[in-house]
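Report on one structure; see the data block that follows.
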Amino acid sequence: MNLLVTGGAGYIGSHTVLELATREHRVVVLDNLTKGHRAAVRGVELVHGDTGDTGLLKDIFRKHNIEAVVHFAASSLVGESVRQPADYYHNNVVKGLAMLDAMVESDVRRLVFSSTAAVYGEPVEIPIPEEHPTAPTNPYGATKLALEEAMRWYDQAYGLRYATLRYFNAAGADPAGEIGEDHDPETHLIPLALNSAVGLIPHLEVFGADYPTPDGTCVRDYIHVSDLAVAHVLALDALAGGAASSVYNLGNGNGYSVLEVIKAAEEVVGKPINIKYGPRRPGDPAALVAGSRKIMDELGWRPRFADLKTVIETAWRWHSSHPAGFDK
């Protein structure tokens, strides 16, 4: 297939591009490089531009005969979204709608959308099924849900079929060590724990120790980034085969607290990790654990890296060989 991957120079996007290229899809990446890295894009064309530029999108669709879009480009930090909701609505909703319009006008009517468990808010049941009520507790989740709703109506009105992938906490790195996770600033727990272990930061801050969980810290479901990449490929294949629009959760189905993750990271690196407790971050639910039976049953997806320690080991392989990340 001829594919456009927006945000394909980012963490999850670049791993998905790697998987797509391995399967001989013809990929063009569109990224404004505010968060992504040129060095993360291997062996495919990278267009430096923005999803809000509808003229550029239409040019790419026409020039490359694009058949489907995989849409990662978005702002994605919970705490930042609470402080700067206007930016999140502009980047995630306004630009997302511009992309949908360009797709419809160019007759590109297949879309795999990178969504999030943040659309659910505080869960009323664990694990969380796709039918769970959506009640986001932060603008990040609210903006993702807003574009999901728009996609549903675009499907009914314009025949734009989509697969929405609501994933939980992406983690790990390419098992071959080619690419990995490099954010600036870094906000994800596992790379922060590893950065602390090698002395790049003085300590790891744990946000909140008074949640209604067994040890008082947040519980999350960690899914390996390469498993996420495979799920995007399967979703594309399903749409190409005529599948109707659908929504899927993606996770391992196991919840680990912040302290459990830190303990596993200590075992991987072989040394203690210095931690400091801070207040809760606004908008953080106590626990998020995925129910992923639907994508397993319908698309045949299975996580290959289900063990938390194995996930951290792949991340450690990347971080220990790239202590300064990409482009440095």
Looking at side-chain heavy atoms only, is the closest gap between [X] and [Y] below 4.5 Å?
| X | Y | value |
| --- | --- | --- |
| Val219 | Tyr256 | no |
| Leu20 | Val233 | yes |
| Pro279 | Tyr277 | no |
| His232 | Leu165 | yes |

Over all heavy atoms of both residues, which pair between [X] and [Y] is shortest? Give the atoms and the distance, please.
| X | Y | value |
| --- | --- | --- |
| Arg161 | Leu239 | NH1-O, 3.0 Å |
| Ala171 | Ile190 | CB-CD1, 3.6 Å |
| Ala40 | Ser14 | O-CB, 3.6 Å |
| Val82 | Pro282 | CG2-O, 3.8 Å |
| Phe168 | Val289 | CE2-C, 3.4 Å |
| Gly172 | Ala315 | CA-CB, 3.9 Å |

Go through the side-chain N and O atoms of [X] and [Y] and say whether any donor and acceptor fall under 3.5 Å apart.
| X | Y | value |
| --- | --- | --- |
| Arg166 | Asn249 | no |
| Lys35 | Ser75 | no |
| His15 | Ser226 | no |
| Tyr248 | Glu298 | yes |

Roughly how far, to the nearest 0.5 Å, is [atom2] of [Y] from [atom1] of [X]?
| X | Y | atom1 | atom2 | answer |
| --- | --- | --- | --- | --- |
| Asn65 | Ile60 | CG | CD1 | 13.5 Å |
| Arg83 | Tyr88 | CZ | OH | 8.0 Å |
| His319 | Glu186 | NE2 | CD | 6.5 Å |
| Leu194 | Leu200 | CG | CG | 10.0 Å |
| Ile312 | Trp316 | CD1 | CH2 | 11.5 Å |
| Met1 | Asp237 | CE | CG | 5.5 Å |

Stepwise salt bridge (charged side-chain N to carboxylate O under 4.0 Å, His left out) check, Lys294 with Asp297: CA-CA 5 Å; Lys294 182 180 177 183; Asp297 291 344; over 6 Å; no
Parallel, tilted or perpendicular: rings of Tyr120 and His132 (30°, 60°):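 Perpendicular.
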Mutual orientation of the aromatic rings belonging to His183 and His188 [parallel < 30°, tilted 30-60°, perpendicular > 60°]: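 The arrangement is perpendicular - the two ring planes meet at more than 60°.
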Donor-acceptor pair, [X] side chain versus [Y] backbone, under 3.5 Å?
| X | Y | value |
| --- | --- | --- |
| Glu67 | Asn2 | yes |
| Ser292 | Gly251 | yes |
| His224 | Arg304 | no |
| Ser81 | Pro85 | no |
| Ser321 | Trp318 | yes |
| Asp221 | Asn252 | yes |
| Arg109 | Val104 | yes |
| Asn138 | Val78 | no |
| Asp31 | Thr6 | no |
| Ser196 | Leu192 | no |

Check against salt bridge (charged side-chain N to carboxylate O under 4.0 Å, His left out), Glu313 and Arg317: CA-CA 6 Å; Glu313 284 171 347; Arg317 190 174 303 126; 5.5 Å; no
Trace of the side chain to side chain contact (heavy atoms under 4.5 Å, CB included) decision for Val28 with Val44: CA-CA 6 Å; Val28 178; Val44 304; over 6 Å; no
Residue pairs fulfilling side chain to side chain donor-acceptor pair (under 3.5 Å) with at least one residue in residues 199-212, sequence neighbours excluded: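 Matches after skipping sequence neighbours: Asp210-Arg280.
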Residue pairs fulfilling side chain to side chain donor-acceptor pair (under 3.5 Å) with at least one residue in residues 110-119, sequence neighbours excluded: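 Counting only pairs at least two positions apart or across chains, the side chain to side chain donor-acceptor pair (under 3.5 Å) contacts touching residues 110-119 are Ser114-Tyr167, Ser115-Glu148.
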Over 12 foreign heavy atoms within 6.0 Å of NZ, Lys263: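 Incorrect, the count does not exceed 12.
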Ser320: partners by side-chain hydrogen bond (donor to acceptor under 3.5 Å, both in side chains), with sequence neighbours left out: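 For Ser320 there are no side-chain hydrogen bond (donor to acceptor under 3.5 Å, both in side chains) partners, ignoring immediate neighbours.
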Asp50: partners by side-chain hydrogen bond (donor to acceptor under 3.5 Å, both in side chains), with sequence neighbours left out: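 Testing Asp50 for side-chain hydrogen bond (donor to acceptor under 3.5 Å, both in side chains), a comparison that skips the adjacent residues, returns Asn32, Lys95.
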Side chain to side chain contact (heavy atoms under 4.5 Å, CB included) assessment of Glu105 paired with Lys58: CA-CA 8 Å; Glu105 291 171 23; Lys58 292 176 186 178; 2.4 Å; yes
Listing, residues 264-271 side-chain donor-acceptor contacts under 3.5 Å, not counting sequence neighbours, or none:
residue	atom	partner	partner atom	Å
Glu266	OE2	Ile273	N	2.9
Lys271	NZ	Ala197	O	3.4

Considering only distance and modelled atom types, tabulate donor-acceptor pairs under 3.5 Å from the side chains of residues 150-158, sequence neighbours left out.
residue	atom	partner	partner atom	Å
Arg152	NH2	Glu149	OE1	2.8
Tyr154	OH	Asp101	OD1	2.5
Asp155	OD2	Ser245	OG	2.7

From CA spacing to verdict: side chain to side chain contact (heavy atoms under 4.5 Å, CB included), Val27, Val29: CA-CA 6 Å; Val27 178; Val29 169; 4.2 Å; yes
